[in-house]
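Heavy-atom basis, side chains included; hydrogens, waters and symmetry copies ignored. Fair warning: this is a prediction, and the values are worked out from it, not measured in the lab.
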Amino acid sequence: MADPLFLHEVVDIVGRGGAAYMAHVVAFDAAATADRGLALLGTWEVVGTTGRWPQVVNLWELDGWDGWRRLGQRTNVDKAANTELAAWWDEAYERRSGGVDRLLRGRSGCPTLASLTAAGVQGTWFVHERSEVRPGAGPDYLAAVREQRVPAMAERGIHLVGLYDSVLDDTEVCTIWATDIAAHTDLLRDGDPWPAVARRWCTRWHEELMTPGAGSPLAPPEDLQ
């Protein structure tokens with residue numbers, strides 16, 4: 001079975017528009033606008049005390065390589081004729097000024113939207129890692145995350161959402177975890193041993209924290225937040 005594919009977006013937000021932009025993302029009609037090429041896995045606002053602000057991170061699960069092809073055709077090659085996309089972008093640009101996207105590949109053990117939903121994985125506090133590894137070392141690093149970090153984090157109530165490397169770059173890796181602020185604070189207070197382990201593969205290791213957009217797939221119902 002082919003590795004799952006994901007579109008990862010880091011979006012620069014205008015002013016205090018993060019919540020409105022994430023609501024716009026949640027309401028995105030992928031069937032009409034992107035030819036069913038992708039489905040939203042999550043949209044999050046970066047916690048400003050831990051990363052660049054104001055920013056939103058979006059993660060979309062692609063419908064395999066066929067979905068990638070349909071997405072590229074509908075939203076790029078045929079962009080001029082895509083009136084649904086033009087309307088969505090016009091509204092989105094009221095809340096954003098630009099961003100950076102990357103095509104990611106889910107490595108062995110990477111959850112999918114279906115498996116996350118089936119397992120009931122949700123969180124109010126998400127850990128977002130974007131690190132650089134030695135060229136070509138991504139698969140080895142992510143295998144170590146799966147074998148060593150995943151079980152240790154699960155014991156603390158911190159659950160894996162994604163385990164990715166970049167399709168178009170040989171130094172980028174990304175992981176995402178779902179938890180709550182108490183569990184993650186305990187990890188930091190106790191001393192997270194992982195950065196020392198990560199240096200075997202990483203040339204730069206970086207995490208930031210995020211909160212989920214209301215109504216997004218991995219956010220708990222609003223009355224439980």
Side-chain angles (χ1 to χ4, degrees), residues 2-46 54-106 110-124 126 128 161-162 164 166-168 174 176 178 210-225:
D3 293 327
L5 298 174
F6 302 85
L7 178 64
H8 177 279
E9 303 182 301
V10 178
V11 181
D12 294 322
I13 297 297
V14 176
R16 297 178 64 182
Y21 177 73
M22 289 188 293
H24 187 51
V25 169
V26 170
F28 181 75
D29 184 351
T33 309
D35 195 14
R36 311 173 318 283
L38 74 176
L40 181 66
L41 194 150
T43 181
W44 301 272
E45 190 162 20
V46 174
Q55 276 191 343
V56 163
V57 173
N58 298 325
L59 187 68
W60 307 85
E61 183 171 311
L62 292 161
D63 182 22
W65 287 111
D66 285 343
W68 170 252
R69 175 186 54 77
R70 296 198 309 273
L71 175 69
Q73 185 73 34
R74 181 74 171 141
T75 62
N76 288 274
V77 178
D78 298 335
K79 179 171 61 176
N82 191 338
T83 56
E84 295 91 346
L85 180 63
W88 192 89
W89 270 348
D90 285 344
E91 183 174 343
Y93 274 126
E94 295 178 7
R95 308 291 182 183
R96 68 183 183 183
S97 61
V100 177
D101 291 6
R102 50 184 53 80
L103 177 62
L104 299 180
R105 169 178 40 225
C110 180
T112 63
L113 179 57
S115 67
L116 290 166
T117 301
V121 173
Q122 295 180 333
T124 54
F126 286 76
H128 179 223
V161 170
Y164 320 109
S166 177
V167 174
L168 301 177
C174 176
I176 300 176
M210 312 185 297
T211 55
S216 56
L218 304 184
E222 290 188 63
D223 58 351
L224 297 179
Q225 294 187 33

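Taking E84 as the reference, R74 meet the salt bridge (Lys or Arg N to Asp or Glu O under 4.0 Å) condition, with sequence neighbours excluded. Under the side-chain contact (heavy atoms from CB on, under 4.5 Å) criterion, D78 pairs with Q73, sequence neighbours left out. When the side chain to side chain donor-acceptor pair (under 3.5 Å) test is applied to D66, no partner is found at least two apart in sequence or on another chain. Under the rule for a side chain to side chain donor-acceptor pair (under 3.5 Å), the partners of D12 that lie at least two apart in sequence or sit in another chain are Q55. Applying the side chain to side chain donor-acceptor pair (under 3.5 Å) rule to R95 yields no partners; only residues at least two apart in sequence or on another chain are considered. Listed by chain and number, the residues in a ring pair (Phe, Tyr, Trp, His ring centres under 6.0 Å) with Y164 are F6 (sequence neighbours excluded). In terms of the side chain to side chain donor-acceptor pair (under 3.5 Å) criterion, residue partners of W88 (sequence neighbours excluded) are, by chain and number, H24.
Note that the CZ atom of R105 and the OG atom of S166 stand 7.5 Å from one another [nearest 0.5 Å]. In this structure, CG on L85 lies 8.0 Å from NZ on K79, to the nearest 0.5 angstrom. Rounded to the nearest 0.5 angstrom, W60 CH2 and L104 CG are separated by 14.5 Å. How far CG of L71 is from CG of D63: 10.5 Å, rounded to the nearest 0.5 Å. In this structure, E61 CD and L113 CG are separated by 5.5 Å, a value rounded to the nearest 0.5 Å. The distance from atom OG1 of T117 to atom CD of Q122, rounded to the nearest 0.5 Å, is 9.0 Å.
At a threshold of 4.5 Å between non-hydrogen side-chain atoms, the residues L7 and L59 do not count as touching. Counting only heavy atoms from C-beta outward, the side chains of F126 and L218 approach each other to under 4.5 Å.
Listed here is the closest heavy atom pair of P220 and T124: CG-CG2, 3.7 Å. The nearest pair of heavy atoms linking C110 to G162 is SG-CA, 4.1 Å. When all heavy atoms of V121 and A178 are compared, the closest pair comes out as CG1-CB, 3.9 Å. Considering all non-hydrogen atoms of both residues, G123 and P212 come closest at O-CG, 3.4 Å.
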Test log, rule side chain to side chain contact (heavy atoms under 4.5 Å, CB included), inputs V57 and H8: CA-CA 7 Å; V57 173; H8 177 279; 3.9 Å; yes
Side chain to side chain contact (heavy atoms under 4.5 Å, CB included) between H128 and C174, worked out: CA-CA 7 Å; H128 179 223; C174 176; 4.0 Å; yes
Result block: side-chain N/O donor-acceptor pairs under 3.5 angstrom for residues 32-46, not counting sequence neighbours:
{"unit_1": "T33", "atom_1": "OG1", "unit_2": "D29", "atom_2": "O", "d": "3.0"}
{"unit_1": "T43", "atom_1": "OG1", "unit_2": "N58", "atom_2": "OD1", "d": "2.7"}

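Taking the six-membered ring for Trp and thresholds of 30 and 60 degrees, W68 and W65 have ring planes more than 60 degrees apart, a perpendicular arrangement.
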